[in-house]
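Working notes, structure below.
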Amino acid sequence: MKTLVITGGSSGIGKATAELFAAQGWKVFELSRSGQSMDTITHIACDVTRTEDTRKAVAEVLRRAGKIDLLISNAGFGISGAIEFTTSEDAHRQMEVNFFGALNTVQAVLPYMRERRAGRIIFTSSVAAVLSIPYQSFYSASKAAINALALALQNEVREFGIYVSVLMPGDVSTGFTAARAKSEAGEEVYGNIRKAVSAMEKDEQAGMSPASMAQCFWHIANKRCPAPQYVGGFTYGIFCFLDRILPKRLVNWIVGKLY
């Protein structure tokens, strides 16, 4: 029986993924601040922004399961607002959860994967890492940092038989939208804040299902030699492809017009 550790698995994409892997016979451990154990999923309370919390949670998984075959680093949240008016505290919190939370989890798991000379790590990133969204700049920055971290990490751990990938979902309909910390500070200067965020949230709620993203994670986990990056959703794959072949000025202008 293979073992999955997934952070942020109490709702949305994480919950759907945990349930899918459990249904396929995996032993699943879900790490989050809130959540509860189910018949086939073991919840371990963990704040990924706390290094000691994360190490204790991973140690508990190893005590119960003896190994970790796959880590899916999925915990995250979003903020929105104008860059000029975003507080330092809010910006730091965004990076603390989305980037450093992922880093803490990876650093806790890697020693055991290295010792076994086997394991897989998949980060939940976002198409917003490639196509930076106005008024969602710090979320985009946190996910772009995840992409860069994953690419460097793959080269560092290749010799230990560990594979590292990121999945970049597009718009997905989950509770992530309602949980976003929104700021309209500076609305009198940047008149598009409310309109842009509203359009973004409308796209999210009309987006793909969490179950479809769970299937993407399942596909990556079962690839013999997974690629460094995957895009969740055919349409978003086209967007990312166009970003590679079109002038950046044009792509950025188009994104700006959309929002």
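The two atoms that bring Val28 and Ala22 nearest to each other are CG2-N, 3.6 Å, heavy atoms only. The minimum heavy-atom distance between Ile83 and Ser137, with the atom names listed, is CG1-OG, 3.0 Å. Closest approach of Ala211 to Ala16, counting heavy atoms only: N-CB, 4.0 Å. Scanning all heavy atoms of the two residues, the minimum distance from Ala82 to Ala185 falls at CB-O, 4.4 Å. Nearest heavy atoms, Thr86 versus Ala91: CG2-N, 4.2 Å. When all heavy atoms are compared, the tightest approach of Ile193 to Ser183 is CG2-O, 3.9 Å.
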Step by step, would you call Glu30 with Ser32 a side-chain hydrogen bond (donor to acceptor under 3.5 Å, both in side chains)?
CA-CA 7 Å; Glu30 182 271 311; Ser32 64; 2.4 Å; yes

Evaluate the criterion side chain to side chain contact (heavy atoms under 4.5 Å, CB included) for residue pair Leu153 and Leu110; output intermediate values, then yes/no.
CA-CA 10 Å; Leu153 181 62; Leu110 273 178; 3.9 Å; yes

May I have the step-by-step check of side-chain hydrogen bond (donor to acceptor under 3.5 Å, both in side chains) for Gln36 and His43, ending in yes or no?
CA-CA 5 Å; Gln36 58 184 10; His43 167 72; over 6 Å; no

Between Met113 and Val157, is the side chain to side chain contact (heavy atoms under 4.5 Å, CB included) condition met? List the steps.
CA-CA 10 Å; Met113 288 188 174; Val157 300; over 6 Å; no

For side-chain hydrogen bond (donor to acceptor under 3.5 Å, both in side chains), just list the numbers for Asn155 and Arg158, CA-CA rounded to whole Å, side-chain angles, deciding distance to a tenth of an Å, and then say yes or no.
CA-CA 5 Å; Asn155 282 330; Arg158 180 177 286 109; 2.7 Å; yes

Given the rule in the side chain to side chain contact (heavy atoms under 4.5 Å, CB included) test, do Asp47 and Arg50 qualify, once you have shown the distances and angles that lead to the verdict?
CA-CA 6 Å; Asp47 182 344; Arg50 299 177 180 273; 3.6 Å; yes

Could you give me the CA-CA distance, side-chain angles and deciding distance for Cys240 and Val127, then say whether side chain to side chain contact (heavy atoms under 4.5 Å, CB included) is met?
CA-CA 7 Å; Cys240 291; Val127 170; 4.1 Å; yes

Please test Asp171 against Tyr236 for side-chain hydrogen bond (donor to acceptor under 3.5 Å, both in side chains), starting from the C-alpha separation and ending with a verdict.
CA-CA 9 Å; Asp171 293 316; Tyr236 302 99; 3.2 Å; yes

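Side-chain contact check for Phe77 versus Gln94: some heavy-atom pair is nearer than 4.5 Å. For the pair Val255/Pro134, a side-chain contact is recorded, criterion being any heavy-atom separation below 4.5 Å from C-beta on. Counting heavy atoms from C-beta outward, Phe21 and Trp218 have side chains that approach closer than 4.5 Å. Side-chain contact check for Ile79 versus Arg93: every heavy-atom pair is 4.5 Å or farther apart. Between Tyr230 and Cys216, every side-chain heavy-atom pair lies at or beyond the 4.5 Å cut-off. Residues Asp90 and Thr87 are in side-chain contact: their nearest non-hydrogen atoms beyond the backbone lie under 4.5 Å apart. Under the 4.5 Å side-chain criterion, counting only non-hydrogen atoms from C-beta, Ser126 is not in contact with Met168. With contacts defined as side-chain heavy-atom distances shorter than 4.5 Å, the pair Thr124/Leu167 does not qualify.
Considering CG of Leu71 and CD1 of Ile162, their distance stands at 11.0 Å, rounded to 0.5 Å. Rounded to the nearest 0.5 Å, atoms CG (Leu70) and CG (Asn222) are 9.5 Å apart. Residue Phe123 holds its CZ atom at 6.0 Å from CD1 of Ile121, rounded to the nearest 0.5 Å. Going from atom CG of Asn74 over to atom CE of Met213 covers 12.0 Å, rounded to the nearest 0.5 Å. Separating the OG atom in Ser125 from the CG atom in Asn147 is a distance of 3.5 Å, to the nearest 0.5 Å. How far CZ of Phe217 is from CD1 of Ile122: 6.5 Å, rounded to the nearest 0.5 Å.
The only member of Ile13, Ile6, Thr7 that meets side chain to side chain contact (heavy atoms under 4.5 Å, CB included) when paired with Ile72 is Ile6.
Within a 6.0 Å sphere centred on NZ of Lys67, other residues, nucleotides and ligands contribute more than 12 heavy atoms. Under a cut-off of 6.0 angstrom, the local environment of NZ in Lys248 is crowded, with over 12 non-hydrogen atoms contributed by other residues, nucleotides or ligands. For Phe241, the CZ atom is loosely surrounded, since the number of other residues' heavy atoms within 6.0 Å does not exceed 12. Counting non-hydrogen atoms of other residues, nucleotides and ligands closer than 6.0 Å to CZ of Arg116 gives a total above 12. Dense packing is recorded around NZ of Lys143, with more than 12 heavy atoms of other residues, nucleotides or ligands lying under 6.0 Å away.
Both cation-pi conditions hold for Arg120 and Tyr163: the charged atom is under 6.0 angstrom from the six-membered ring centre and inside a 45 degree cone around its axis.
No side-chain donor-acceptor contact under 3.5 Å links Arg64 to the backbone of Phe29. Side-chain atoms of Ser173 do not come within 3.5 Å of backbone N or O of Ser209 as any donor-acceptor pair. Looking only at distances, no side-chain donor or acceptor of Ser132 sits under 3.5 Å from a matching main-chain atom of Ser140. Under a 3.5 Å cut-off, the side chain of Asn98 and the backbone N or O of Ser142 do not form any donor-acceptor pair. Although no hydrogens or angles enter the test, the distance criterion places no donor-acceptor pair under 3.5 Å between the side chain of Ser212 and the main chain of Met208.
Tyr190 and Glu84 share a donor-acceptor pair across their side chains, judged by distance under 3.5 Å alone. Side chain to side chain, Thr177 and Gln205 meet the donor-acceptor criterion of an N or O pair below 3.5 Å.
Neither Met1 nor Trp26 shares a network with the other; the hydrophobic side chains, linked directly or stepwise wherever heavy atoms of I, L, V, M, F, W or Y lie under 4.5 Å apart, form separate groups for each. Both Val5 and Phe100 sit in one connected hydrophobic cluster of ILVMFWY residues. Membership requires side-chain heavy atoms under 4.5 Å apart, directly or through other members. At a threshold of 4.5 Å between side-chain heavy atoms, the hydrophobic network of Ile, Leu, Val, Met, Phe, Trp and Tyr places Tyr139 and Leu149 in two separate groups. The cluster map of Ile, Leu, Val, Met, Phe, Trp and Tyr, joined by side-chain heavy atoms under 4.5 Å apart, puts Leu31 and Ile68 in the same cluster. The cluster map of Ile, Leu, Val, Met, Phe, Trp and Tyr, joined by side-chain heavy atoms under 4.5 Å apart, puts Trp253 and Leu242 in the same cluster.
Arg180 pairs by the side chain to side chain donor-acceptor pair (under 3.5 Å) definition with Glu201, Glu204, not counting sequence neighbours.
Look at Asp53 and Arg55 and you find no salt bridge, because none of the NZ, NE, NH1 or NH2 atoms lies under 4.0 Å from a carboxylate O.
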